[in-house]
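Side chains are part of it too, since the values below use all heavy atoms of this structure and drop only hydrogens, waters and symmetry mates.
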Amino acid sequence: MESQRKNNLSTPALFIDKEAVFALLLCQEGLLTPVNHLMNEKEMHEVDNTGLFEGQSFPFSFILAPAGKRNEQVMKESKKGDEIALICENHLCGKLLVDSAFKIDKQARLFKIMSGDIYSKKAQHIYNRLGNYALCGEYELYLQSAIFAFKDRATKQAITQFKKRNNTQSVTAMVLDASPITRIHERIFRSILEENDLLVLLLLRRQNEGLLDFYIRKTCLEFVITNYLPKNRIAIFPLDDIYLFAGAHGIILDAILAQNLGCDRIAIGENYPNLAIYYDHQKIRYLSVTGVRRVLFRSPTRHQICTAVSQINLQDLLFLIVAKSWIDKIFINIRIVSRFFANIILCLE
């Protein structure tokens with residue numbers, strides 16, 4: 001890796017974040033099919049105007065447009081055939097052979113991604129990471145560094161091997177947060193397995209984790225599956241919660257991802273934040289993706305939730321949660337005390 005970095009000191013570089021790296025990885029592995037490359041300017045306008053790419057549903061254009069003055073300068077000066085290094089957190093993560101560079105409308109791009117929800121905190125985060133220019137061309141990723149925790153991600157090969165090993169046919173995918181895991185989840189899992197051979201759980205791994213971080217949620221989920229469910233029929237894979245899935249169109253991309261993983265169904269709840277529902281001719285209708293069947297679960301009542309909360313004795317897992325909570329409190333207190341003494345020093349000066 002170090003030699004690669006030295007060899008690329010004279011090469012122009014784009015500085016991108018992990019969200020962009022994961023988006024490029026999904027495309028490279030064919031999980032965003034029909035899209036399999038960075039779009040040029042013509043393709044960008046066509047997809048944004050029609051919502052279709054090569055006759056198939058795709059909610060918005062797939063481009064690389066990182067923010068930053070240095071990035072903008074590199075993109076403006078790049079020419080067809082130039083090789084540009086891709087850098088993420090001071091690590092070489094790939095290279096891109098430039099086909100073309102073009103200017104984009106940041107506000108219009110944000111509107112397409114967020115489906116009009118442009119004033120939320122998430123929307124502002126996406127807007128700040130967007131640049132004024134985009135690059136298209138063939139790219140290659142180098143993800144050997146330990147900072148790229150994508151090794152345990154969902155892949156076509158992993159799902160195919162799981163299906164062969166367990167001789168399964170029908171497969172349902174489910175995107176979930178499991179914060180926390182309850183008996184309601186267990187009930188849903190059992191309902192799905194009654195009609196399917198395999199359940200693929202895509203557990204969200206957020207950019208900014210809260211108290212119940214990804215490791216704790218995954219450990220709890222694995223404990224429940226191992227002890228109370230047929231573990232040979234359930235597979236867990238992390239799904240990084242990136243900007244592509246932020247808006248109301250996220251449900252379409254979830255369905256595209258599930259289809260490309262080899263699933264023929266996707267299970268969602270009626271309160272799913274990205275559920276694309278509209279009302280027409282006195283009926284509730286849903287936006288769908290060809291080839292993927294949707295399974296909709298109604299929300300349980302308040303009484304059902306109260307009486308169905310998991311009563312499993314998870315002493316070890318509870319210890320992890322409590323320990324993390326106390327550690328967070330200790331760090332908060334340390335910051336408060338340090339600020340207090342800093343103010344005293346300023347007053348004395």
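Of all non-hydrogen atoms in C27 and H37, the two that sit nearest each other are SG-N, 3.4 Å. Listed here is the closest heavy atom pair of V47 and F58: CG1-O, 3.7 Å. Closest approach of V200 to C263, counting heavy atoms only: CG2-SG, 4.2 Å. For the residue pair L244 and A23, the shortest heavy atom distance occurs at CD1-CB, 3.8 Å. The nearest pair of heavy atoms linking G262 to V171 is O-CB, 4.2 Å. Between Q56 and P34, the closest heavy-atom pair is CB-CG, 3.8 Å.
We find the CE-NZ distance between M114 and K122 to be 8.0 Å, quoted to the nearest 0.5 Å. To the nearest 0.5 Å, atoms CD1 (I236) and CE (M174) are separated by 12.5 Å. Here L110 contributes atom CG and Y119 contributes atom OH; the two are 9.5 Å apart, rounded to the nearest 0.5 Å. Atom CG of N232 sits about 9.5 Å away from atom CZ of R165, to the nearest 0.5 Å. Taken from CG in L64 to CD1 in I104, the straight-line distance is 10.0 Å, to the nearest 0.5 Å. To the nearest 0.5 Å, atom OG1 of residue T172 and atom CG of residue D197 are 9.5 Å apart.
Each of K112, H45, R109, E43 was checked for a side chain to side chain donor-acceptor pair (under 3.5 Å) with S61, and the lone residue meeting it is R109.
Shown here is K103, whose NZ atom has more than 12 heavy atoms of other residues, nucleotides or ligands within 6.0 Å. More than 12 heavy-atom neighbours from other residues, nucleotides or ligands sit within 6.0 angstrom of CZ on F15. For E138, the CD atom sits in a loose shell: 12 or fewer heavy atoms of surrounding residues, nucleotides or ligands are nearer than 6.0 Å. Within a 6.0 Å sphere centred on CZ of R70, other residues, nucleotides and ligands contribute 12 heavy atoms or fewer.
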For this session: Walk me through it: do F245 and I251 pass the test side chain to side chain contact (heavy atoms under 4.5 Å, CB included)?
Result: CA-CA 7 Å; F245 306 100; I251 184 63; over 6 Å; no
Problem set entry | side-chain hydrogen bond (donor to acceptor under 3.5 Å, both in side chains) evaluation trace for N40 with S100 | CA-CA 7 Å; N40 56 35; S100 64; 6.0 Å; no
For this session: Under the salt bridge (Lys or Arg N to Asp or Glu O under 4.0 Å) rule, what do R190 and E194 come out as? Steps first, then yes or no, please.
Result: CA-CA 6 Å; R190 291 187 185 279; E194 286 177 2; over 6 Å; no
For this session: Could you walk me through whether T160 and K163 pass side chain to side chain contact (heavy atoms under 4.5 Å, CB included), step by step?
Result: CA-CA 5 Å; T160 301; K163 289 169 68 176; 5.6 Å; no
For this session: Report the C-alpha distance between I84 and V98 in whole Å, list the side-chain angles of each, state the deciding distance to 0.1 Å, and finish with yes or no for side chain to side chain contact (heavy atoms under 4.5 Å, CB included).
Result: CA-CA 7 Å; I84 295 181; V98 178; 3.6 Å; yes
For this session: Would you please test V35 and I256 for side chain to side chain contact (heavy atoms under 4.5 Å, CB included) and show each step?
Result: CA-CA 10 Å; V35 175; I256 290 173; over 6 Å; no
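Ion pairing between a basic and an acidic side chain is recognised when a charged N comes within 4.0 Å of a carboxylate O; R183 and E186 show such pairing.
Judged purely by atom type and a 3.5 angstrom limit, R217 uses its side chain to pair as donor or acceptor with the backbone of L204. In this structure, N196 contributes its side chain and L198 its backbone to no donor-acceptor pair below 3.5 Å. Proximity of a side-chain donor or acceptor of N260 to a complementary backbone N or O of T33 within less than 3.5 Å is detected.
A 4.5 Å side-chain heavy-atom check between Q28 and Y139 finds at least one atom pair inside the cut-off. Residues I87 and L14 have side chains not in contact (no heavy-atom distance under 4.5 Å, counting atoms from C-beta outward). Counting heavy atoms from C-beta on, the side chains of R233 and L199 never come closer than 4.5 Å. Residues L202 and L257 meet the side-chain proximity criterion, which asks for heavy atoms closer than 4.5 Å. Looking at heavy atoms from C-beta onward, S170 lies in side-chain contact with D264 at the 4.5 angstrom threshold. Looking at heavy atoms from C-beta onward, M44 lies in side-chain contact with D48 at the 4.5 angstrom threshold. Residues L176 and F189 are in side-chain contact: their nearest non-hydrogen atoms beyond the backbone lie under 4.5 Å apart. Contact of the C93 side chain with the L24 side chain is not registered, since no non-hydrogen atoms from C-beta on lie closer than 4.5 Å.
In this structure, K95 forms no cation-pi arrangement with Y142, as its terminal cationic atom is not both closer than 6.0 Å to the ring centre and no more than 45° off the ring axis.
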